[in-house]
K.L.:
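The structure is given below, and queries will be raised subsequently.
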Amino acid sequence: AMSNSLVPLSFAYNGSSIYYNAGIRYRGSPWIRPGNKGSGYRVRFNRDEKLHGRIGELNLDKQHTEASKMRDRTAQYLFRWLGRTARDAALPYSIMQFVRVFDGATHVDGYEHVQHVEQAYLEFWYGEDERGTLYKIDDWFEALNDGNPAQYSGGTATFAHRGDGKEPYRWYFKLRSNEQWESYEPLIAFTKFVQTTTAASIPAELPAHADVEQWLGTLAVRFYIGDWDTIGYNRGKNAYAYIPVLDPRWRLLPWDSDLTFEGGNTGAPIFVTGAFPAMSKMFNNAVGQRRMYQYYQDLIAGPASAAAVLEFHTKTYTTFSNETLPRPATADSIRSYMATRNTIVTNQIPKTAFRIRTPASPYLTNKENLTVEMDAPPAARQILLNGERIDHVLQWSAAARCKYALVLAPGTTTLAFTTLDAAGAETARAELVVTYSTNPPPQIAAVSPAEGTDEGGTAVTVTGADFLEGAKVYIDG
């Protein structure tokens, strides 16, 4: 069951074509194969006679954990759709096709051909930058011939720095390209960067080392669907790490999302868990969490909405409309999970109203440098000052709180801050009137009398120095 040796195969397609000198074997991890030998197959065609002239292998997955066979397909649908909202980044996903498998004339079952993460995948997603180094992320486990896996103590990939030698990394990050070079130096350098960079500096420095937008979008989908069997959540596996050559920033590529949409897991975490300290350091900060919140908003308003996912499932099932063979079960349980999950995730997204916290308007100062602190909910996708975008220079102290530093010109200035939503529509506005004077600030020496009547009307004398003509006095606002 655990052998990866190919058994010779002649492959017939729809009774019209036959491909000789192909090979077949069982596929899947040692947790699946021994007891579920028919849960997956790997079919490889000879290089001179590919299926339809272009497909070198079939990666057949029975999706045996759920009768609708729609979990992984729904996950790929979410990756595909969410990629439309990513900023200057692609969210790679695997193309999937339903396949009917027959042994002679006997129908075996329906399978999914899941596009494998390999060279053709990299060529599709990265074009001329497909010659980078690809690693499969996995547990450190050792399997005996009887198929019983033994996981090494603490053996799960975490992007932790494990020293400068290659050996500790080989167990967790299996090379799937450039294998002859044993190219672990970039991975070791990346883990060392994460370890040695301060948490305060990570948000500014990480984008030079990793495609942060792509990582966060991928993680948002995997957490949304409750994908506990992947890195960042519970297990350091079922993903790939890829570093291209021309744009050498790390990417996180998804793989195997069939243990998902489980009814008992609608309360799954929405950020990287404490089991992955290095990844928590990278992404569980104000900037990372704010962007994750926005990805969740896009999911819930778009492909994960009740109407959108029902349409996707309905269209998918039309594939079987003219067949008399057994059909997969409906995906009602997946949509039920998503309906509950939408509410739970939405309730965790900050709903803070946009406002200027400090300073209060009107504001008088004799200093040219001013810092404005604001509350801005994740729904505020753009923040403008007097019509110009400033969100790329804001300093975020929390997912919904930021500071903006500017240099004032002498005189009175009205700072008009506005926010735009994902569609570019204005959603809020706040103004701050600032007067910057090079004169020294007023110095109050005494206020007389110290008390007045409850009815008011008591004349008050304020004495001191450096008062400007026309200055106004406010008592209790």
Side-chain angles (χ1 to χ4, degrees), residues 1-12 19-51 54-65 72 94-97 99 101-103 108-109 111-123 133-152 155-157 166-167 169-184 229-231 235-242 253-259:
M2 291 306 301
S3 173
N4 284 341
S5 298
L6 294 170
V7 176
L9 171 74
S10 293
F11 183 91
Y19 297 82
Y20 297 103
N21 299 321
I24 188 171
R25 67 170 176 85
Y26 294 122
R27 65 166 295 275
S29 75
W31 279 272
I32 296 175
R33 282 201 215 180
N36 300 276
K37 293 180 180 179
S39 64
Y41 296 97
R42 181 73 48 81
V43 178
R44 290 190 179 175
F45 300 90
N46 75 70
R47 295 181 180 179
D48 298 321
E49 193 178 17
K50 296 181 179 180
L51 179 64
R54 59 185 176 82
I55 299 175
E57 72 172 29
L58 292 177
N59 195 59
L60 302 178
D61 192 332
K62 191 176 179 180
Q63 307 282 307
H64 71 283
T65 58
D72 208 343
S94 291
I95 296 171
M96 301 183 71
Q97 296 172 292
V99 176
V101 175
F102 293 82
D103 182 0
V108 177
D109 208 330
Y111 287 74
E112 283 272 23
H113 165 49
V114 186
Q115 183 186 21
H116 202 217
V117 180
E118 35 71 52
Q119 195 59 44
Y121 179 102
L122 297 178
E123 289 174 2
T133 304
L134 179 69
Y135 306 83
K136 184 176 183 181
I137 302 172
D138 212 338
D139 294 327
W140 177 345
F141 66 84
E142 301 175 26
L144 304 177
N145 288 335
D146 64 3
N148 294 318
Q151 184 174 350
Y152 177 80
T156 198
K166 298 180 180 180
E167 190 61 29
Y169 300 89
R170 290 193 181 109
W171 292 96
Y172 305 104
F173 298 89
K174 282 79 169 177
L175 279 168
R176 290 295 183 264
S177 69
N178 302 328
E179 296 178 57
Q180 70 275 27
W181 298 331
E182 281 242 297
S183 184
Y184 281 93
D229 200 28
T230 192
I231 192 164
R235 300 282 296 280
K237 59 183 301 184
N238 288 328
Y240 288 80
Y242 179 61
L253 309 180
W255 177 249
D256 194 5
S257 294
D258 57 348
L259 299 178

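Not measured: the values here are computed from a predicted model.
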K.L.:
Decide side chain to side chain contact (heavy atoms under 4.5 Å, CB included) for L122 and Y242; before the verdict, give the C-alpha distance in whole Å, the side-chain angles of both, and the deciding distance to 0.1 Å.
P.N.:
CA-CA 9 Å; L122 297 178; Y242 179 61; 3.6 Å; yes
K.L.:
Got H113 and N59 here, is their nearest side-chain heavy-atom distance under 4.5 Å?
P.N.:
yes
K.L.:
Taking all non-hydrogen atoms of both residues, which atom of D258 and which atom of D256 are closest, and how far apart?
P.N.:
OD1-OD1, 2.8 Å
K.L.:
Mind checking the CG-OH spacing from L60 to Y26? Nearest 0.5 Å is all I need.
P.N.:
13.0 Å
K.L.:
Is there a donor-acceptor contact under 3.5 Å from the side chain of Q115 to the main chain of I95?
P.N.:
yes
K.L.:
Grab the two heavy atoms, one from N238 and one from D229, that are nearest each other, plus how far apart they are.
P.N.:
ND2-O, 2.7 Å
K.L.:
Using 30° and 60° as the class boundaries, would you call the ring planes of W171 and W140 parallel, tilted or perpendicular?
P.N.:
parallel
K.L.:
In the structure I gave you, are the side-chain heavy atoms of K166 and Y169 within less than 4.5 Å of one another anywhere?
P.N.:
no
K.L.:
So do the side chains of L6 and I24 get within less than 4.5 Å of each other, counting heavy atoms only?
P.N.:
no
K.L.:
Does some side-chain heavy atom of H116 sit less than 4.5 Å from a side-chain heavy atom of W255?
P.N.:
yes
K.L.:
Assess whether side chain to side chain contact (heavy atoms under 4.5 Å, CB included) is satisfied between R42 and E57, documenting all intermediate values.
P.N.:
CA-CA 7 Å; R42 181 73 48 81; E57 72 172 29; 3.7 Å; yes
K.L.:
Please examine the side chains of L175 and L134, heavy atoms only from C-beta on, and report whether any two atoms are closer than 4.5 Å.
P.N.:
no
K.L.:
Please give me the minimum heavy-atom distance between L58 and F45, naming the atom from each residue.
P.N.:
CG-CE1, 4.0 Å
K.L.:
Go through the steps to decide whether Y184 and T133 satisfy the test side chain to side chain contact (heavy atoms under 4.5 Å, CB included), and finish with yes or no.
P.N.:
CA-CA 9 Å; Y184 281 93; T133 304; over 6 Å; no
K.L.:
Atom CZ in F102, atom CG in D109: separation rounded to 0.5 Å?
P.N.:
10.5 Å
K.L.:
Looking at every non-hydrogen atom in both residues, tell me the closest pair between A239 and I231 and how far apart they are.
P.N.:
CB-CG2, 4.0 Å
K.L.:
A side-chain contact here means heavy atoms from C-beta on lying under 4.5 Å apart; do R176 and Y240 qualify?
P.N.:
yes
K.L.:
Counting C-beta onward and ignoring hydrogens, is there a side-chain heavy-atom pair between E112 and D72 closer than 4.5 Å?
P.N.:
no
K.L.:
May I ask you to decide whether R170 forms a salt bridge with E182, counting only side-chain N to carboxylate O separations under 4.0 Å?
P.N.:
yes
K.L.:
Any donor-acceptor pair under 3.5 Å linking the side chain of N178 with the backbone of W181?
P.N.:
no
K.L.:
Can you find a heavy atom in the side chain of F11 that is under 4.5 Å from one in the side chain of V43?
P.N.:
yes
K.L.:
I need the minimum non-hydrogen distance between S10 and Y20, along with the two atoms involved.
P.N.:
OG-CD2, 3.5 Å
K.L.:
Under a 4.0 Å N-O cut-off, is there an ion pair linking R27 with D61?
P.N.:
yes
K.L.:
Output yes when a side-chain donor or acceptor of T230 lies under 3.5 Å from a complementary backbone atom of K237, and no otherwise.
P.N.:
yes
K.L.:
Search all heavy atoms of D139 against all heavy atoms of K174 and return the closest pair with its distance.
P.N.:
O-NZ, 3.1 Å
